[in-house]
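All of these numbers come straight from a predicted model, not from anything done at the bench.
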Amino acid sequence: METNQDKVIFLHGFTQGEALLAMRAVKAALPNPGSIAFSMATETNVTWKVADLVDHVAKEHKAMSGN
């Protein structure tokens, strides 16, 4: 796993609309919202170990955000 500093929010059971509302609310409530990575449950990732999911999402977020 990368570090304890990775911030990942994993959403499960939400519709896309609900997930978007939740992500917007989190981003509005917290400082430095660009540092937070979000992930939705999929048939594949729902079976992963939490550490593997956090590592994957954090790496993907860093690659997409240019950090």
Connected-component partners of M23 among ILVMFWY, side-chain separation under 4.5 Å = I9, L11, F14, V26, L30, I36, F38, M40
Is a salt bridge present between D6 and K59, judged by a nitrogen-to-oxygen distance below 4.0 Å?
-> no
May I ask whether V57 and V50 are part of the same hydrophobic cluster, defined by side-chain heavy atoms of I, L, V, M, F, W, Y residues being less than 4.5 angstrom apart, directly or through others?
-> yes
Would you please name every residue forming a side chain to side chain contact (heavy atoms under 4.5 Å, CB included) with A41, sequence neighbours left out?
-> F10, H12, N45
Over all heavy atoms of both residues, which pair between S39 and L53 is shortest? Give the atoms and the distance, please.
-> OG-CD1, 4.2 Å
Under the side-chain hydrogen bond (donor to acceptor under 3.5 Å, both in side chains) test, residues paired with T44 that sit two or more places apart | none
Do you know which two heavy atoms are closest between G34 and H61, and how far apart they sit?
-> O-NE2, 2.8 Å
